Amino acid sequence: MYYELYMDEFFLENFCLDFLLLFLTGIAAKLPIRFGRMAVGAAFGSLCSCLLLFLFPGEGGFLFPAALAMALLMVKGSYQIPFGQRKRLLRSTAAFFGMAFLLGGVLPVLRLGLTLPVILSGIAGTALIYAALRLKEKWKYETENLTEVTLFWNGRQKKLFALRDTGNRLVDPYFGKPVAVVEYQAVKELFNQKTKVLWIPYQTVGKQSGCLPGICLDCLFISRDGEEKKIDRPIVAVCKETLSAKGRYQMILPSALTDD
């Protein structure tokens with residue numbers, strides 16, 4: 001049986017898929033994404049694939065080691081990893097093949113259900129894998145930074161889960177102390193008496209600035225890694241919004257409170 005193969009289409013499809021694989025490799029291996037270098041690396045890989053297919057048709061035993069070397073050079077050139085950093089280069093190349101296996105498993109499913117061209121299927125598959133990698137990173141970050149806290153105020157106490165957030169730079173304008181943020185629904189039973197509040201100004205990315213009511217607690221206990229840390233007279237800002245869409249935590253702690 002004979003097949004007609006158009007080398008220009010073959011080159012274009014391989015270029016697009018190699019570019020997408022290099023992109024996923026950068027995300028998975030946490031490498032700096034540089035689209036220009038990735039395009040050069042993808043063009044190199046696609047050109048090598050065309051040459052191998054043209055010069056060695058049917059030489060399956062030779063193609064596998066050639067593909068290994070080609071992938072290593074593509075990753076090295078795209079992310080400027082010197083040969084001296086052998087472990088990093090090998091891990092990144094392994095990530096490349098891991099993404100290739102993932103994409104290779106997703107593509108047939110997409111093409112079976114949607115009848116998409118190879119390039120569009122590759123883009124759709126890459127989007128799915130990218131979303132999955134981002135969700136995995138978010139879940140890992142939250143899991144590693146979740147901690148149990150106990151709030152004490154006027155003889156009452158409340159236990160809840162908090163997320164350590166290195167991006168929380170909220171401070172009160174009066175004393176310059178770091179400010180934690182807690183959901184109102186989680187502490188409304190704790191703060192059921194009239195008390196003085198401090199108005200904490202805030203500004204979020206892409207949203208207007210405003211002020212949150214802040215309350216000075218008697219103390220706060222942070223339980224982490226089997227140890228307990230006491231914070232005297234901490235300030236917490238109360239917000240009406242839900243902090244975790246899945247309810248994994250009800251409070252955000254600035255790293256200045258959790259780190260020694």
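Throughout, residue positions are numbered sequentially from 1 according to the sequence presented. Keep in mind it's a predicted model, so treat the numbers as computed, not measured.
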- Leu135 and Leu163: same hydrophobic cluster, using ILVMFWY side-chain contacts below 4.5 Å? no
- Look up atom CD1 in Ile27 and atom CD1 in Ile33, then write down how far apart they are to the nearest 0.5 Å. 4.5 Å
- Close side-chain approach of Leu212 and Val179, heavy atoms under 4.5 Å: no
- Query: Under a single-linkage definition using a 4.5 Å side-chain heavy-atom cutoff for Ile, Leu, Val, Met, Phe, Trp and Tyr, are Trp139 and Leu133 assigned to the same hydrophobic cluster?
  - Reply: no
- Hphob cluster co-occupancy, Leu20 + Val40, side-chain heavy atoms under 4.5 angstrom: no
- Results of salt bridge (Lys or Arg N to Asp or Glu O under 4.0 Å) for Glu148 - residues two or more places apart only: none
- Name all residues meeting the side chain to side chain contact (heavy atoms under 4.5 Å, CB included) criterion together with Ser92; count only those two or more places apart in sequence or in a different chain, and write none if there are none. Ala29, Leu31, Val75, Ile81, Arg88
- Mark yes or no for whether Asp172, through its side chain, and Lys177, through its backbone, hold a donor-acceptor pair below 3.5 Å. yes
- Count the heavy atoms of every other residue, nucleotide or ligand shown that sit under 6.0 Å from CD of Glu189, and state whether that count exceeds 12. no
- Query: Of the non-hydrogen atoms in Ala162 and Val149, which two are nearest, and what is the gap between them?
  - Reply: CB-CG1, 3.9 Å
- Query: Can you tell me how far the CE atom of Met74 sits from the CE atom of Met70, to the nearest 0.5 Å?
  - Reply: 6.5 Å
- Note on the structure: Those residues at least two apart in sequence (or on a different chain) that pass side chain to side chain contact (heavy atoms under 4.5 Å, CB included) with Pro254 are Asn168, Pro178, Ala180, Leu257
- Does Lys196 have any salt bridge (Lys or Arg N to Asp or Glu O under 4.0 Å) partners at least two apart in sequence or in another chain, and if so, which? none
- Item | Results of side chain to side chain contact (heavy atoms under 4.5 Å, CB included) for Gln250 - residues two or more places apart only | Leu160, Phe161, Glu183, Ala186
- ring-ring contact (aromatic ring centres under 6.0 Å, His included) partners of residues 173-200, not counting sequence neighbours, each pair once: Trp153-Phe191
- Query: Can you check whether Ser223's main-chain N or O pairs, donor with acceptor, with Thr147's side chain at less than 3.5 Å?
  - Reply: yes
- Task: Return the minimal non-hydrogen interatomic distance between Tyr249 and Ile252, and the atom names on each side.
- Result: CE1-CG1, 4.2 Å
Just distance, no hydrogens or angles: give the donor-acceptor pairs under 3.5 Å from side chains in residues 231-241, sequence neighbours left out.
none

Could you list the donor-acceptor pairs under 3.5 angstrom formed by side chains in residues 42-54, with sequence neighbours left out?
unit_1	atom_1	unit_2	atom_2	d
Ser46	OG	Phe11	O	2.6
Ser46	OG	Phe15	N	3.4
Ser49	OG	Gly45	O	3.0

- Note on the structure: d(Leu21 CG, Thr126 OG1) to nearest 0.5 Å is 7.0 Å
- Query: Do Tyr79 and Arg37 come within less than 4.5 Å of each other through their side chains, counting heavy atoms only?
  - Reply: no
- Message: Restricting to side chain to side chain contact (heavy atoms under 4.5 Å, CB included), what partner residues turn up for Pro82, sequence neighbours left out?
- Response: Gln85
- Item | Under the side-chain hydrogen bond (donor to acceptor under 3.5 Å, both in side chains) test, residues paired with Glu9 that sit two or more places apart | none
- Message: Within this structure, what is the CZ-CG distance for the pair Arg156 and Leu151, rounded to the nearest 0.5 Å?
- Response: 13.5 Å
- Heavy-atom check, side chain of Leu89 versus side chain of Leu72, under 4.5 Å: yes
- Query: Are the side chains of Val182 and Lys158 in touch, meaning some heavy atoms are under 4.5 Å apart?
  - Reply: no
- Those residues at least two apart in sequence (or on a different chain) that pass salt bridge (Lys or Arg N to Asp or Glu O under 4.0 Å) with Arg248 are Glu142
- Query: At what distance, to the nearest 0.5 angstrom, does CG of Leu73 lie from CG of Leu68?
  - Reply: 11.0 Å
- Message: To the closest 0.5 Å, what do you measure between SG (Cys211) and CD1 (Ile200)?
- Response: 8.5 Å
- Query: How does the hydrophobic cluster around Phe152 look, that is, which other residues are in it when side-chain heavy atoms under 4.5 Å mark a link?
  - Reply: Phe221
